[in-house]
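Since the structure comes first, as structure tokens, the remarks are kept for the end.
Every number for a ligand or one of its atoms is a count from 1 in the order of the listing. Values in this document were obtained by computation on a predicted structure and should not be read as measured data.
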Amino acid sequence: MSKFVRKKSGINNWGLFAGQDFKKGDKVIEYKGKKYTHKQVEEDDQFDNSKAIYLFTLNKKTVLDGDTKSNTAKYINHTCDPNCEVDIIKGKIWIIATQDIKKGDELSYDYGFGYDKDFRQFPCKCGSKNCCGYIVRDDQRWRINRKFAKTKQGRLKK
Ligand SMILES: C[S@@+](CC[C@H](N)C(=O)[O-])C[C@H]1O[C@@H](n2cnc3c(N)ncnc32)[C@H](O)[C@@H]1O
Ligand SMILES: [Zn+2]
């Protein structure tokens, strides 16, 4: 029995699903990748916007590029109501269960994107009740909600 199953997801293309039950606090899967320095990532054109989504800052020196074949965790989608979170433990990136997860559930975590001028580049299709419509991290979603509340009243056009 496999711990994970890669399947088509209702959120976006592929998703990663639990192949067994997980308990809250379990280390579900390691997010693996190739290590680069921040300088290499800034200077190398291969790390454009489409690739940036796979980059994780490990520490002041190192960035991990998860867009590799061996990194099964790269299929985990973002949701605004996730069942996992990301934690760095002893220099490794782990996806940790934040609640009990049943076999067959889609795994997800908050991608942690900040609210900035480019938020429209990443519409969120997670479908959860508290989805703000964009992939923006939990503590900044209120900015999106406020912006669109104003739009409805006709005060803000964009
Ligand atoms: C790390 S990949 C996740 C796996 C991806 N679904 C795939 O098939 O390769 C990140 C990409 O998945 C998509 N994605 C992840 N979460 C999403 C969401 N909640 N809503 C819409 N697209 C999402 C975005 O296109 C994002 O660039
Ligand atoms: Zn969402």
Side-chain angles (χ1 to χ4, degrees), residues 2-20 22 26-36 38 40-42 44-59 62-89 92-99 101-152 158:
S2 177
K3 279 177 88 176
F4 322 101
V5 184
R6 188 189 74 150
K7 277 198 311 191
K8 285 287 178 179
S9 164
I11 299 172
N12 172 266
N13 200 20
W14 297 106
L16 198 66
F17 294 74
Q20 60 167 59
F22 290 98
D26 279 353
K27 281 177 172 169
V28 175
I29 186 170
E30 185 186 343
Y31 191 96
K32 295 179 183 165
K34 204 172 161 197
K35 288 180 181 171
Y36 291 89
H38 287 271
Q40 281 173 316
V41 167
E42 278 156 26
D44 193 333
D45 287 344
Q46 68 159 305
F47 299 110
D48 60 5
N49 269 351
S50 62
K51 194 85 155 79
I53 205 127
Y54 297 102
L55 298 175
F56 264 101
T57 295
L58 254 183
N59 52 43
T62 316
V63 178
L64 200 117
D65 172 21
D67 195 13
T68 59
K69 265 197 175 168
S70 62
N71 183 29
T72 308
K74 76 175 175 182
Y75 295 109
I76 301 177
N77 285 314
H78 162 101
T79 69
C80 300
D81 191 12
N83 52 16
C84 294
E85 66 184 5
V86 181
D87 204 359
I88 298 174
I89 302 169
K92 292 186 169 182
I93 297 172
W94 283 96
I95 310 298
I96 309 284
T98 52
Q99 60 191 60
I101 298 171
K102 288 263 162 247
K103 180 179 175 181
D105 288 352
E106 178 162 1
L107 303 169
S108 66
Y109 59 86
D110 183 338
Y111 278 11
F113 291 0
Y115 168 77
D116 64 21
K117 62 178 175 34
D118 294 328
F119 76 88
R120 283 187 175 82
Q121 276 187 20
F122 302 107
C124 184
K125 304 280 181 209
C126 80
S128 69
K129 261 196 276 173
N130 57 344
C131 180
C132 72
Y134 294 91
I135 302 181
V136 170
R137 73 169 176 259
D138 186 32
D139 65 355
Q140 298 196 6
R141 268 174 227 147
W142 64 272
R143 295 176 191 273
I144 305 270
N145 292 332
R146 186 183 62 176
K147 192 174 185 72
F148 287 102
K150 282 184 179 172
T151 308
K152 270 184 211 154
K158 53 180 178 169

From Ile95 CD1 over to Leu107 CG, what is the distance, rounded to the nearest 0.5 angstrom?
9.0 Å
Is there a nitrogen or oxygen of Asn77 sitting under 3.5 Å from a nitrogen or oxygen of ligand 1?
yes
Nearest to atom 10 (C) of ligand 1, what protein heavy atom do you find, and at what distance?
Tyr111 OH, 3.3 Å
Opening angle between SG in Cys131 and SG in Cys124, taken at the Zn ion (ligand 2), to 10 degrees:
110°
With heavy atoms and a 4.0 Å threshold, my read on which part of Pro123 contacts ligand 1 is backbone
Output yes if Cys126 passes the N/O/S-under-2.8 Å test against the Zn ion (ligand 2); output no otherwise.
yes
So Phe22 and Phe4, would you call those rings parallel, tilted or perpendicular, with 30° and 60° as cut-offs?
parallel
Examine ligand 1 and decide if any of its atoms is less than 4.0 Å from a heavy atom belonging to Phe122.
no
Within 45° of the six-membered ring axis of Trp14 and under 6.0 Å from that ring's centre, is NZ or CZ of Lys8 located there?
yes
Quick check on Ile76 - does any of its heavy atoms sit under 4.0 Å from an atom of ligand 1?
yes
Please report which non-hydrogen protein atom sits nearest to atom 19 (N) of ligand 1, along with the residue it belongs to and the distance in Å to one decimal place.
His78 O, 2.7 Å
I'd like to know whether ligand 1 has Cys131 as a neighbour, heavy-atom separation below 4.0 Å.
no
For ligand 1, is there an atom lying under 4.0 Å from some heavy atom of Cys124?
yes
To the nearest 0.5 Å, tell me how far Ile29 CD1 sits from Cys84 SG.
9.5 Å
In the protein, which heavy atom is nearest to atom 27 (O) of ligand 1, and how far is it?
Ile53 CD1, 3.1 Å
Can you name the atoms of ligand 1, numbered from 1 with element, that are less than 4.0 Å from a heavy atom of Tyr54?
1 (C), 2 (S)
Only one of Tyr111, Phe113, Tyr134 passes ring-ring contact (aromatic ring centres under 6.0 Å, His included) with His78; say which it is.
Tyr111
Between CD on residue Gln40 and OG1 on residue Thr62, distance to nearest 0.5 Å
9.5 Å
Who gets closest to atom 2 (S) of ligand 1 by heavy atom: Gln121, Lys125, Lys74?
Lys74
What I want to know is whether Thr79 and ligand 1 share at least one N or O pair that is separated by under 3.5 angstrom.
no
Surrounding NZ of Lys129 (heavy atoms of other residues, nucleotides or ligands, distance under 6.0 Å), is the total greater than 12?
no
4.5 Å side-chain heavy-atom contact, Tyr31 and Ile76:
no
Checking the N or O distance criterion of under 3.5 Å, is ligand 1 in contact with Asn13?
yes
Rounding to 0.5 Å, atoms CG (Asp105) and CD (Gln99) come to a distance of 8.0 Å
Identity and distance of the protein heavy atom lying nearest atom 5 (C) of ligand 1
Asn12 OD1, 3.4 Å
Is atom NZ of Lys34 surrounded by more than 12 heavy atoms (other residues, nucleotides or ligands) closer than 6.0 Å?
no
Please verify whether a non-hydrogen atom of Ile11 lies at under 4.0 Å from ligand 1.
yes
